[in-house]
Amino acid sequence: MEYTQLGRTGLKVSRLVLGTMNFGPQTDEADSHAIMDAALDAGINFFDTANVYGWGENKGRTESIIGTWFAKGEGRRDKVVLATKVYGNMGADGPAWPNHDKLSAVNIRRAVDASLKRLRTDYIDVYQFHHIDRATPFEEIWQAIDVLVQQGKILYVGSSNFPGYKIAQANEIAARRGGTIGLVSEQCLYNLAERRAEMEVIPAAREYGLGVIPWSPLHGGLLGGVLKKEVEGGRRTSGRAADALADPATRARIQSYEDLLDKHGVEPGEAALAWLLTRPGVTGPIVGPRTAEQLASAVRASELELSEELLTGLDEIFPGPGPSPEAFAW
């Protein structure tokens with residue numbers, strides 16, 4: 001496993017990030033623990049979660065599963081760079097009770113303490129804002145973060161789903177206040193089929209020294225060989241991938257993608273991950289395995305080198321928007 005610095009920090013993280021969103025809803029605790037053990041064995045040291053994972057009545061369940069894994073000891077916590085997120089309503093489904101969601105100082109303080117308890121740890125390496133909060137000024141957010149850093153509860157701060165201008169705003173205000181290095185990472189939707197982040201988000205992240213952590217690298221399974229699986233296993237595609245394939249143009253594009261990779265003898269899902277690892281500014285994509293075999297496939301992808309011919313072919317099928325501002329101006 002290769003390692004890199006997280007953005008402009010001195011923190012070394014693996015080029016694959018273990019996503020844990022399936023832990024609880026789709027993968028039980030025992031299998032989740034086995035996957036985390038296998039990830040460490042493969043050299044993956046960067047684990048990502050969020051306080052709301054588990055969803056519905058089980059919000060927080062994923063963090064609790066990670067916490068029981070840490071409690072097994074044997075250096076598990078010390079080996080892991082742990083990232084979790086704050087923003088969502090942690091109460092019952094429906095409108096949040098006032099001050100029980102988003103990024104007010106009071107909710108950040110409450111959410112950190114609750115996550116630490118579930119995770120059975122006394123610190124979080126990377127605390128991430130899961131979404132922008134249009135009502136809370138960054139001056140208040142950074143003041144709350146400064147206190148938590150001083151208390152040793154968090155070490156670094158990242159963003160998720162931020163537009164480029166919010167990355168800039170957050171870090172400019174952090175610089176004016178002093179005493180904090182601001183955002184060090186951005187998690188964004190980014191993959192071969194969804195490249196809009198290249199217009200503003202990734203340029204802003206690179207300008208301000210943030211590591212880019214793409215989520216949904218297979219675009220809901222669309223880039224994981226769905227058409228091949230339909231033919232070989234009679235398996236019906238569902239969810240977001242099925243909705244996308246209902247469009248004839250999208251289906252034709254995915255067929256061209258799978259045909260290209262078949263020609264080069266490369267598995268589609270592994271190629272999609274390997275492509276992200278070639279992209280400027282990308283620290284590592286988040287992989288969310290439900291099984292040990294899916295994790296093994298992701299590890300193989302991290303070792304895969306794509307030829308220039310294949311990279312060119314992928315760009316022809318999934319062209320990016322081009323540089324900004326030229327993509328939308330002269």
Side-chain angles (χ1 to χ4, degrees), residues 1 3 6 11-90 108-130 148 151-160 184-185 187 211 213 215-217 283-292 294-296 298-299:
M1 180 58 59
Y3 300 88
L6 180 60
L11 189 64
K12 286 188 177 180
V13 296
S14 50
R15 296 292 322 269
L16 289 180
V17 184
L18 180 68
T20 63
M21 188 169 65
N22 292 321
F23 294 177
Q26 297 189 47
T27 307
D28 67 21
E29 183 165 326
D31 287 343
S32 298
H33 286 191
I35 288 171
M36 287 186 279
D37 283 333
L40 277 190
D41 288 344
I44 298 173
N45 76 333
F46 198 4
F47 289 16
D48 175 73
T49 191
N51 60 353
V52 294
Y53 289 172
W55 310 112
E57 297 178 353
N58 295 310
K59 292 173 185 174
R61 174 64 178 148
T62 303
E63 285 188 332
S64 295
I65 288 174
I66 297 170
T68 58
W69 182 75
F70 283 148
K72 291 182 175 182
E74 299 181 3
R76 284 175 170 82
R77 178 63 188 95
D78 290 340
K79 293 176 181 176
V80 169
V81 174
L82 175 64
T84 192
K85 308 184 194 73
V86 58
Y87 180 86
N89 172 21
M90 289 297 292
I108 287 175
R109 176 179 175 179
R110 176 187 296 113
V112 164
D113 287 342
S115 284
L116 289 172
K117 184 176 180 180
R118 287 188 293 268
L119 289 162
R120 300 196 193 187
T121 186
D122 56 4
Y123 71 101
I124 294 163
D125 296 282
V126 187
Y127 200 52
Q128 302 162 116
F129 307 136
H130 212 161
L148 296 175
Q151 292 174 336
K153 294 180 178 180
I154 64 174
L155 303 181
Y156 303 95
V157 179
S159 57
S160 181
V184 303
S185 62
Q187 274 192 32
I213 306 169
W215 61 265
S216 195
T283 298
I286 298 174
V287 296
R290 295 188 297 275
T291 66
Q294 289 177 347
L295 176 64
V299 172

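Hydrogens, waters and symmetry mates are skipped; everything else that's a heavy atom, side chains included, is used.
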- Show your reasoning for whether salt bridge (Lys or Arg N to Asp or Glu O under 4.0 Å) applies to Glu29 and Arg61. CA-CA 10 Å; Glu29 183 165 326; Arg61 174 64 178 148; 3.0 Å; yes

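The structure places OG1 of Thr291 at 11.0 Å from CD of Gln26, a figure rounded to the nearest 0.5 Å. Annotation: the span from Arg77 atom CZ to Leu119 atom CG amounts to 8.0 Å, rounded to 0.5 Å. Atom CG of Leu40 sits about 12.5 Å away from atom CD1 of Ile35, to the nearest 0.5 Å. Put simply, CE on Met1 and CD1 on Ile44 are 4.5 Å apart, with the number rounded to the nearest 0.5 Å. In this structure, OG in Ser185 is found 9.0 Å from CG in Asp48, a value given to the nearest 0.5 Å. To the nearest 0.5 Å, atoms CG (Asn45) and CG (Asp78) are separated by 12.0 Å.
Under the 4.5 Å side-chain criterion, counting only non-hydrogen atoms from C-beta, Val52 is in contact with Met90. Side-chain contact check for Pro285 versus Ile213: every heavy-atom pair is 4.5 Å or farther apart. Pro289 places a side-chain heavy atom less than 4.5 Å from the side chain of Leu18. With a 4.5 Å cut-off on side-chain heavy atoms, Lys85 and Gln187 count as touching.
Arg76 CZ: more than 12 foreign heavy atoms inside a 6.0 Å radius. Heavy atoms from other residues, nucleotides or ligands lying under 6.0 Å from NZ of Lys72 number more than 12.
Under 3.5 Å, the side chains of Ser115 and Glu63 contain a donor-acceptor pair of N or O atoms. Side-chain contact annotation: Tyr127 with Lys153, donor-acceptor N/O pair under 3.5 Å absent. Remark: the Thr20 side chain and the Thr49 side chain contain an N/O donor-acceptor pair separated by less than 3.5 Å.
In summary, the aromatic rings of Phe47 and Trp69 are positioned with their centroids under 6.0 Å apart.
A cation-pi contact, defined as under 6.0 Å to the ring centre and within 45° of the axis, is absent between Arg120 and Phe70.
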